[in-house]
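Predicted model only: the values in this text are computed from it and were never measured. Indexing begins at 1, ligand by ligand and atom by atom, following the structure's order.
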Amino acid sequence: MWRRVASLSSLVSSSKSRILNQVGCGLNACQVFTTRVLNPAEGGVSDRRRIPFVTFVLGGPGSGKGTQCTKIVETFGLTHISAGDLLRKEISSNSENGSMILNTIKEGKIVPSEVTVKLIKKAIETSENDRFLIDGFPRSEENRIAYERVIGAEPDIVLFFDCPEQEMVKRVLNRNQGRIDDNIDTVKERLKVFAELNLPVIKHYSKKGKLYKIDGTGSEDEIFERVRPVFAALSVR
Ligand SMILES: Nc1ncnc2c1ncn2[C@@H]1O[C@H](COP(=O)(O)OP(=O)(O)O)[C@@H](O)[C@H]1O
Ligand SMILES: Nc1ccn([C@H]2C[C@H](O)[C@@H](COP(=O)(O)OP(=O)(O)O)O2)c(=O)n1
Ligand SMILES: [Mg+2]
């Protein structure tokens, strides 16, 4: 789908340690985004359409992904794509996969990647923006591999909200959004699935130098002050 100029991912990842260590004096928008064009020589189109800047937002259930995404959107103008919200919309619109998705979510399991990646791809393609927060995805290596195959690119960066299990359970049980999966049995299963299937994805991106591990404890504002420098250094507004 999108092809990346060869130097781009190395530009972003090699800059990561600078971004972390020298917050506020890292890349500017120009450096990042003027390089992000399709390369006709590599089979891309010639209209210089930009490759999207993608941040995956990961963390266990209740770790604060959605809450922090809202703050990042307000401050830095990225578009929030929540995999869970897309799947819940499929349930409420009675789509052909609706009942399968509902049962999977109730059981605390992961919906097949084919379904989720298709929804994410559509959300990216129909957006006017070219900077995205993809929240709650990928939740497994299968998710990750399917995304990278279908979209043809890796994410630029990955945020991981690290939060103790006890705190995550407390938050989920107090979430009060009428979600079918916000109950003790489902959350226990979700924590198991997170450890078994999502932690390997987090490790993968850590090895690639793309991971920003954020302490997910404290108030929402305190956590956002840990997130802010990541995007401020990239000047992604
Ligand atoms: N730092 C925080 N301290 C206490 N409660 C929080 C905090 N961040 C989020 N919450 C609340 O915890 C619940 C889960 O947060 P949410 O952002 O939905 O997490 P996730 O998307 O990772 O499941 C929500 O009710 C939210 O309002
Ligand atoms: N990549 C994804 C994301 C969510 N799902 C399903 C399974 C998850 O338990 C539910 C809810 O996901 P959501 O990201 O909204 O959940 P939290 O915000 O972490 O509580 O959706 C999925 O199957 N695959
Ligand atoms: Mg969420």
Side-chain angles (χ1 to χ4, degrees), residues 54-74 80-92 97-121 123-124 132-148 150-151 155 158-202 214-227:
V54 170
T55 300
F56 285 160
V57 181
L58 302 180
S63 59
K65 301 179 293 298
T67 303
Q68 294 301 320
C69 282
T70 301
K71 289 178 176 290
I72 298 166
V73 167
E74 283 165 8
H80 181 199
I81 297 175
S82 159
D85 286 350
L86 291 174
L87 292 168
R88 283 183 286 273
K89 260 188 222 147
E90 287 293 288
I91 298 171
S92 52
N97 290 316
S99 60
M100 177 276 288
I101 297 171
L102 175 66
N103 290 330
T104 308
I105 288 180
K106 253 195 231 166
E107 287 170 14
K109 305 277 201 256
I110 311 286
V111 172
S113 303
E114 184 199 335
V115 172
T116 317
V117 171
K118 205 186 273 177
L119 295 170
I120 291 172
K121 181 171 182 271
I124 292 174
F132 299 95
L133 296 168
I134 304 188
D135 164 8
F137 183 96
R139 274 198 150 100
S140 63
E141 282 287 278
E142 193 217 357
N143 267 185
R144 178 183 72 74
I145 290 161
Y147 174 94
E148 291 178 359
V150 171
I151 303 293
V158 179
L159 300 186
F160 164 42
F161 291 101
D162 187 27
C163 194
E165 286 199 357
Q166 216 186 347
E167 176 66 17
M168 292 196 280
V169 171
K170 195 173 91 187
R171 289 184 193 171
V172 164
L173 297 182
N174 286 327
R175 182 150 44 188
N176 215 11
Q177 290 174 0
R179 277 176 50 170
I180 192 89
D181 50 347
D182 284 351
N183 62 74
I184 190 63
D185 291 337
T186 307
V187 79
K188 276 187 183 163
E189 180 59 27
R190 293 190 65 199
L191 288 170
K192 264 196 241 161
V193 169
F194 173 73
E196 278 168 31
L197 302 184
N198 211 340
L199 284 180
V201 176
I202 289 164
I214 312 276
D215 176 358
T217 62
S219 72
E220 293 176 13
D221 287 345
E222 281 166 348
I223 297 165
F224 185 63
E225 290 313 314
R226 298 172 195 139
V227 171

message = List ligand 2 atoms under 4.0 Å from G84, heavy atoms only on the residue side.
response = 12 (O), 13 (P), 15 (O)
ask   = In terms of the angle between their ring planes, are F137 and Y147 parallel, tilted or perpendicular, with boundaries placed at 30° and 60°?
value = tilted
query = Can you list the atoms of ligand 2 that are under 4.0 Å from a heavy atom of P61?
reply = 19 (O)
Contact partition for N143 relative to ligand 2, non-hydrogen atoms under 4.0 Å = side chain
inquiry  = On a heavy-atom basis, which atom in I180 and which in L102 lie closest, and how many Å separate them?
reply    = CG2-CD1, 4.3 Å
inquiry  = Return the closest protein heavy atom for atom 2 (C) of ligand 2 as residue, atom name and distance.
reply    = G136 O, 3.5 Å
Donor-acceptor contact present, side-chain R226 to main-chain D215, <3.5 Å = yes
Protein heavy-atom partner closest to atom 4 (C) of ligand 1 - residue, atom, separation in Å = R171 NE, 3.7 Å
query = Below 3.5 angstrom, do we get any N/O pair linking S63 and ligand 1?
reply = yes
message = Give me the atom names and distance for the closest heavy-atom approach of E148 to P155.
response = OE2-CD, 4.0 Å
request  = Please report the shortest heavy-atom distance between A123 and I81, naming the atom on each side.
outcome  = CB-CD1, 3.8 Å
task = May I ask you to identify, for E142, whether its side chain, its backbone, both or neither come under 4.0 Å of ligand 2 on a heavy-atom basis?
result = neither
message = To check your reading of the model: name the closest protein heavy atom to atom 27 (O) of ligand 1, its residue, and the distance in Å.
response = E220 OE2, 3.9 Å
ask   = Near R88, which atoms of ligand 2 are under 4.0 Å from a heavy atom of that residue?
value = 11 (C), 15 (O)
query = Nearest protein heavy-atom contact for atom 13 (P) of ligand 2: which residue, which atom, what distance?
reply = R139 NH1, 3.6 Å
remark   = The answer for which part of L87 has a heavy atom under 4.0 Å from ligand 2 is side chain
message = Check for me whether G108 has a heavy atom closer than 4.0 Å to any atom of ligand 2.
response = no
key: Candidate with minimal heavy-atom separation from atom 19 (O) of ligand 2, of R175, E107, R171, K65   = K65
inquiry  = For I105 and I91: C-alpha separation, side-chain torsions, deciding distance, then whether side chain to side chain contact (heavy atoms under 4.5 Å, CB included) applies.
reply    = CA-CA 10 Å; I105 288 180; I91 298 171; 4.1 Å; yes
query = Counting only N and O atoms by type, is there a donor-acceptor contact under 3.5 Å from the side chain of K106 to the main-chain atoms of T186?
reply = no
message = Using a 4.0 Å heavy-atom cut-off, which part of V172 comes near ligand 1: side chain, backbone, both, or neither?
response = neither
request  = May I ask whether G62 places a heavy atom under 4.0 Å from ligand 1?
outcome  = yes
inquiry  = Less than 4.0 Å is my threshold; does some heavy atom of T104 fall inside it relative to ligand 2?
reply    = no
ask   = For ligand 1, which atoms, with element, lie under 4.0 Å from some heavy atom of G60?
value = 22 (O)
note = For atom 23 (O) of ligand 2, the closest protein heavy atom turns out to be V111 N, 2.7 Å
message = For D85, is there an ion pair with R88 - N to carboxylate O distance below 4.0 angstrom?
response = yes
ask   = When you measure from atom 18 (O) of ligand 1 to every protein heavy atom, which one gives the shortest distance, and what is it?
value = R175 NH1, 2.9 Å
ask   = Looking at atom 19 (O) of ligand 1, what's its closest protein heavy atom, distance included?
value = G64 N, 3.2 Å
inquiry  = Go through it in stages, so that I can follow the logic: the residues are K192 and E189, the test is salt bridge (Lys or Arg N to Asp or Glu O under 4.0 Å), and I'd like the CA-CA distance, side-chain angles, deciding distance and then a yes or no.
reply    = CA-CA 5 Å; K192 264 196 241 161; E189 180 59 27; 3.8 Å; yes
ask   = Has the side chain of K65 got a donor or acceptor atom that lies under 3.5 Å from a matching backbone atom of G136?
value = no
query = Using a heavy-atom cut-off of under 4.0 Å, does the side chain or the backbone of I105 touch ligand 2, or both, or neither?
reply = side chain
inquiry  = Side chain, backbone, both or neither: which applies to D181 and ligand 2 if a contact is any heavy-atom pair less than 4.0 Å apart?
reply    = side chain
ask   = Is Q68 reaching over with its side chain to a backbone N or O of E220, donor-acceptor style, under 3.5 angstrom?
value = yes
ask   = With a 4.0 Å heavy-atom cut-off (strictly under), which part of R190 contacts ligand 2: side chain, backbone, both or neither?
value = side chain
inquiry  = Test your reading of the model: is there a side-chain donor-acceptor pair from R171 to the backbone of S63, 3.5 Å cut-off?
reply    = yes
request  = Give yes if a backbone or side-chain nitrogen or oxygen of G218 is under 3.5 Å from a nitrogen or oxygen of ligand 1, and no if not.
outcome  = yes
key: Any G136 heavy atom less than 4.0 Å to ligand 1   = no
ask   = What do you reckon, does K65 have a nitrogen or oxygen under 3.5 Å from a nitrogen or oxygen of ligand 1?
value = yes
request  = Show the numbers, then the answer: is there a side chain to side chain contact (heavy atoms under 4.5 Å, CB included) between N143 and V201?
outcome  = CA-CA 9 Å; N143 267 185; V201 176; over 6 Å; no
query = Please state which protein non-hydrogen atom is closest to atom 24 (N) of ligand 2 and give its distance, to 0.1 Å?
reply = I110 CG2, 3.8 Å
request  = Identify the protein heavy atom lying closest to atom 7 (C) of ligand 2, giving its residue, its atom name and the separation to 0.1 Å.
outcome  = K109 O, 3.3 Å
ask   = Quick one: nearest non-hydrogen protein atom to atom 21 (O) of ligand 1, plus distance?
value = G66 N, 3.0 Å
request  = Looking only at distances, please establish whether an N/O atom of ligand 1 is found under 3.5 Å from an N/O atom of G216.
outcome  = no
Nearest heavy-atom neighbours spanning C69 and D135 = SG-CB, 3.9 Å
request  = Under the side chain to side chain contact (heavy atoms under 4.5 Å, CB included) rule, what do I151 and K121 come out as? Steps first, then yes or no, please.
outcome  = CA-CA 7 Å; I151 303 293; K121 181 171 182 271; 3.9 Å; yes
task = Determine, step by step, whether R175 and V172 satisfy the side chain to side chain contact (heavy atoms under 4.5 Å, CB included) criterion, reporting the C-alpha distance in whole Å, the side-chain angles of both residues, the deciding distance to 0.1 Å, and the verdict.
result = CA-CA 5 Å; R175 182 150 44 188; V172 164; 3.9 Å; yes
message = So if I count the atoms of ligand 1 from 1 in the order they appear, which ones are less than 4.0 Å from some heavy atom of I223?
response = 1 (N)
Salt-bridge contact R144-E141 (side-chain N to carboxylate O under 4.0 Å) = yes
inquiry  = Can you report which non-hydrogen protein atom sits closest to atom 26 (C) of ligand 1, along with the distance?
reply    = T67 OG1, 3.7 Å
query = Which residue, D181, V111, L87, N97, forms the side-chain contact (heavy atoms from CB on, under 4.5 Å) with T104?
reply = V111
